[in-house]
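Everything below concerns the one structure shown next.
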Amino acid sequence: MTQNVKEIFGAGNGAGNGAGGGRVGAQAQVPPAPAALAAKVRTLAPSMTRSMQRVAEAVAGDPAGCAALTVTGLAELTGTSEATVVRTARLLGYPGYRDLRLALAGLAAQQQSGRAPAITTDIAVDDPIADVVAKLAYDEQQTLADTAAGLDTVQLGAAVTALAAARRTDVYGVGASGLVAQDLTQKLLRIGRIAHAHSDPHLAVTNAVQLGSGDVAIAITHSGSTGDVVEPLRVAFEHGATTIAITGRPDGHVAQYADHVLTTSTARESELRPAAMSSRTSQLLVVDCLFVGVAQRTYETAAPALSASYEALAHRHRR
């Protein structure tokens, strides 16, 4: 059992080197890759006007032919106007029609060469299950890599220090973030820390009132503005607890009441992949970094506590 504990805690810090903290500004829109065009059309077509749908269907159905057309030519082909063609290009994620033509030429070249298109995270209703697996796996990897690269390890280290010394830790989260909150508290309990997860906003606030100096409160909210999560963190902050925010929006409302902000990746959404899926992945990485960091700092007590929890449950696994 001791060997298992050392295998879990013996490795080095898993946080990696962060890219630095601070508030982040808006990122420039990156045009979708050529291979993503057809999936983008399928996703956005229901929200388009009928004339824009005709343009979108034309470019997705015959990329080579449309790549050879001027904006006027494509407008004539689809029975629309030049303005509609340009609006469609922008809705699909391209700055203008010229950029769309370049993407169409690239897509046509891929199709003619027989090369497999690059993996994209846009999942369509008619995608084969194998493609769904590949796209989700790729997106999960990107989400984890982006979160690790953007995680401020100074803030992370300070949060670990506070958690390791905390008399009690309360964690707030609702929906998918509530599941992450439960995951963190269960991990902390296994190493002998006193921790509680709160998804009920009323209980969260009434418990936050009891916190003070020496306690830690953690808010998990992808948007940074979930009222049921921000409110108990504010109460804990005002009562003197050390506060931590795990959020995809470091400029969000929750940051006003956070001593330490840990930023998660904000992956692109699609119709079949809502933000809650990618945010949960990045939140779990941050939670694991916090847990391992606390376990390292409190190894002398954490290791026996984890061994005891293994022993207490061992008989259930022998049945």
Side-chain angles (χ1 to χ4, degrees), residues 5 8-9 14-15 147 151 155-222 224 226 228-237 239 241-248 254 257-262 264 276 279-299 301-313 316:
V5 172
I8 293 173
F9 296 142
T147 299
L151 195 57
Q155 290 285 306
L156 178 63
V160 167
T161 298
L163 283 169
R167 178 185 61 183
R168 163 183 161 184
T169 299
D170 279 16
V171 190
Y172 316 123
V174 296
S177 296
L179 300 177
V180 178
Q182 291 180 29
D183 182 78
L184 175 56
T185 56
Q186 289 175 14
K187 284 180 165 69
L188 293 174
L189 288 170
R190 292 289 294 271
I191 57 174
R193 314 305 298 175
I194 298 176
H196 308 276
H198 299 287
S199 58
D200 183 296
H202 296 278
L203 287 177
V205 171
T206 55
N207 276 270
V209 172
Q210 308 303 320
L211 300 180
S213 178
D215 298 320
V216 172
I218 302 176
I220 305 177
T221 164
H222 177 65
T226 307
D228 289 342
V229 175
V230 174
E231 179 64 12
L233 191 75
R234 179 189 65 78
V235 173
F237 178 81
H239 281 74
T242 299
T243 52
I244 301 167
I246 300 175
T247 179
V254 71
Y257 309 110
D259 296 307
H260 310 293
V261 177
L262 304 177
T264 56
S279 66
R280 182 198 60 215
T281 300
S282 54
Q283 289 167 356
L284 286 171
L285 173 60
V286 175
V287 160
D288 285 348
C289 290
L290 288 172
F291 167 69
V292 172
V294 172
Q296 289 176 319
R297 300 283 183 91
T298 63
Y299 182 77
T301 56
L306 189 59
S307 295
S309 68
Y310 275 128
E311 291 295 343
L313 296 173
R316 294 181 176 274

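Residue numbers start at 1 and run along the sequence shown.
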Mind checking what makes ring pair (Phe, Tyr, Trp, His ring centres under 6.0 Å) contact with Phe237, not counting sequence neighbours?
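Listed in chain order: nothing, the list is empty.
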Of Leu290, Thr242, Thr298, which meets side chain to side chain contact (heavy atoms under 4.5 Å, CB included) against Leu163?
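Answer to the side chain to side chain contact (heavy atoms under 4.5 Å, CB included) test with Leu163 among Leu290, Thr242, Thr298: Leu290.
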Among Leu179, Ile220, Thr226, Asp200, the one residue meeting side chain to side chain contact (heavy atoms under 4.5 Å, CB included) with Val174:
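With Val174 as partner, Leu179, Ile220, Thr226, Asp200 yield a single side chain to side chain contact (heavy atoms under 4.5 Å, CB included), made by Thr226.
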Side chains of [X] and [Y]: closer than 4.5 Å at any heavy-atom pair?
X: Ile244; Y: Asp259; value: no
X: His198; Y: Asp170; value: yes
X: Leu188; Y: Thr185; value: no
X: Gln210; Y: His239; value: no
X: Ile218; Y: Leu184; value: yes
X: Glu231; Y: Pro201; value: no
X: Ser309; Y: Leu306; value: yes
X: Cys289; Y: Leu156; value: yes

What's the shortest heavy-atom distance between [X] and [Y], and which atoms?
X: Arg297; Y: Gly157; value: NH2-O, 3.7 Å
X: Ala302; Y: Ala295; value: CB-O, 4.1 Å
X: Val294; Y: Val160; value: N-CG1, 3.7 Å
X: Gly173; Y: Val229; value: CA-CG2, 3.9 Å
X: Lys187; Y: Val287; value: CD-CG1, 4.4 Å
X: Val180; Y: Gln283; value: CG2-OE1, 3.4 Å

Strictly below 4.0 Å, N to O, side chains only: are Asp215 and Arg167 in salt-bridge contact?
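So Asp215 pairs with Arg167 through a salt bridge.
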So, taking the atom named [atom1] in [X] and the one named [atom2] in [Y], what distance separates them when rounded to the nearest 0.5 Å?
X: Ser279; Y: Leu284; atom1: OG; atom2: CG; value: 9.0 Å
X: Ile246; Y: Thr221; atom1: CD1; atom2: OG1; value: 11.0 Å
X: Leu151; Y: Ser282; atom1: CG; atom2: OG; value: 10.0 Å
X: Leu285; Y: Thr281; atom1: CG; atom2: OG1; value: 9.5 Å

Does any N or O in the side chain of Gln155 come within less than 3.5 Å of the main-chain N or O of Val261, such that one atom is a donor and the other an acceptor?
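Present.
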Verdict with supporting geometry, Thr247 and Thr264, side-chain contact (heavy atoms from CB on, under 4.5 Å)
CA-CA 6 Å; Thr247 179; Thr264 56; 5.6 Å; no
Taking atom types as modelled and ignoring hydrogens, do the side chains of Arg193 and Thr169 form a donor-acceptor contact shorter than 3.5 angstrom?
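The criterion, which ignores hydrogens and geometry beyond distance, is not satisfied for Thr169 and Arg193.
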Within the 3.5 Å criterion, strictly below it, is a donor on Asn207 or His196 matched to an acceptor on the partner's side chain?
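No pair is found: no donor N or O on one side chain lies under 3.5 Å from an acceptor on the other.
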Taking atom CG of Leu203 as the centre, does the number of heavy atoms from other residues, nucleotides or ligands within less than 6.0 Å exceed 12?
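Count over threshold, so yes.
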Would you please name every residue forming a side chain to side chain contact (heavy atoms under 4.5 Å, CB included) with Ala217, sequence neighbours left out?
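Partners of Ala217 by the side chain to side chain contact (heavy atoms under 4.5 Å, CB included) criterion, ordered by chain and then number, come out as Tyr172, Leu211, Leu233, Ala236, Thr243.
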